[in-house]
Amino acid sequence: MESPRYTVTSTPHIRSSNSIDKTMRLVLLALSPAAVMGVFFFGVRALLIIVISVASAVLFEAGYQKLTRRPVTVTDGSAIVTGLLLAMILPPALPLWMPIVGAFAAIVLVKQLFGGLGHNFINPALAGRAIIMAAYALPMTTAFIAPRIGVDTITSATPLLLLESGDFYPQASDFVALLIGNVGGSIGETAAIAILAGGIFLLATKVITWHIPVSFIVSAGVMMVFDPGGFSGVLAAYHLLAGGLLLGAFFMATDYPTSPVTPMGKIIFGAGCGVITMVIRLYGGYPEGVGYAILLMNLTVPLIDRYVRPRILGARKGGAK
Amino acid sequence: MMKALVRFKKGILDENPIFSQAIALCPVLAVTTSIVNGIGLGLATLAVLMASSLVVCFIRKWIPPQVRIPCFIVISATFTTVVRLLMEAFFPALNEALGIFIPLIVVNCLILARMESFASRNGPLTVAFDSLGMGLGFTLSLSLIGFVREMMGFGTVFGVVVIPEVIPRNTLMILPPGGFLVLALLIVGFRFIRKRGA
């Protein structure tokens, strides 16, 4: 008998330094510019909503895990990310207790009851927003305020409401406002440049891949061909930068448990999100459709994953013979 | 007698139609937007359940097993018609609110299940207490769901305002998803308390 020339160990053979904590820290870092811009433009009120939302998300997670005698995992930061994302898609003048309702729905109903981190079948933050929307539609649609330049808290139309009104054609100054976030809207969705910077940071650190954001944004742009008012490149660009499209494409559609695994699946998923978003925006009753588009596509993820399953190396088409 | 009382208790607690067996959920989710609706549909179902179970119990020897389900349906349809006409005459507003779900008591699966699995195999006393327990369990569950949804959705109990107007109403509770959420959370609560007690 010869002695073996190689050592035998069990899988996995390739390790990475990735961990949940690290990923969550990177996402928080990537989200912070947009959140800071939101607080800058909408004032203390926006900061309060962010603080309440994050705090209640963390408390609900810890409380539920305590109550069910499971290990408390709030230090992994996932509840903080969910709370922050929820706050960023809420209107800044919302009554301050409503984020607590949303955080309860997001953390307890959607995440923990289905098994905790990695087992939620839809995006918790978006589900939280959808539940507040269904419960308290009036404040959710009217609590948008103008960014403070001089005067504080004037109710203001969001860019998407302007688009919905029909007789609006954006000028260069409108695009500048949209890029830096000097427009009405949810707390963290207005500053396009800050969101893009965060998104590129996530791509650079390989937290997300390009497939979902790119197919989301491209398909939404292509859908502008079906604009009832006729195609206009300027309006298309405005649509892509306005509302929650960028925030959704980079930070919400890419959530791991609720998006497909394979590159092809991700492209189908992103394209579906883009198409549904624009159908809602152009033809639907709501001015914004990103949230519902992502939630709907979340539900199709198991199906997508099933049909784009890669062939096992060596297996024949049509299954093993 | 002892067995009959055990059946009565089981219908309300151990084998509660909604919180334990989770049957007949369609009318439950559809009508429980107020406590009055819940009690109304619950009592109507209780009346049909009790009358048809007793009839099935008395004539069970003569029902051919091959066609027992059509026989059960005819029996429950008879009593549902009686109940519907009575409600139309004496409680027109409630009848309007419950709408199609009163005629649909005919095919309520709680009633069919009790006739099929219990009334056709037991004596009249046990059957009477069993259907009373099941019917009351059903009514209490519906009233509880209706109470929660009415209070959170409209801020009222039996139509009387109990939550000050300044607090916005939670319209989700009136919508179908609210019905599912309240039902699920009440089942959790029910099981939690039962487990504690055991």
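Below, read A as the first sequence line, B as the second, and so on, with proteins coming before strands; counting in each chain starts at 1. It should be emphasised that the depicted structure is a prediction, and the values quoted were computed from it without experimental measurement.
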How about [X]: does its [atom1] atom have over 12 heavy atoms from other parts shown lying under 6.0 Å from it?
X: A/Tyr256; atom1: OH; result: yes
X: A/Tyr283; atom1: OH; result: yes
X: B/Phe91; atom1: CZ; result: no

A/Met98 versus chain B, the contacting section by heavy-atom distance below 4.5 Å |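 Contact with chain B involves the side chain of A/Met98 alone.
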
Heavy-atom contact with chain B under 4.5 Å, split by part of A/Ile132 |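 No part of A/Ile132 comes within 4.5 Å of chain B.
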
Which atoms form the tightest heavy-atom contact between A/Ala135 and B/Asn170, and what is the distance?
->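 Closest heavy-atom pair between A/Ala135 and B/Asn170: CB-OD1, 2.8 Å.
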
Which answer fits B/Leu181, side chain, backbone, both or neither, if we ask what part of it has an atom under 4.5 Å from a heavy atom of chain A?
->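 Looking at B/Leu181, just its side chain touches chain A.
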
Sub-4.5 Å side-chain heavy-atom contact between B/Thr171 and A/Tyr136 |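 With C-beta onward as the side chain, the pair stays apart.
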
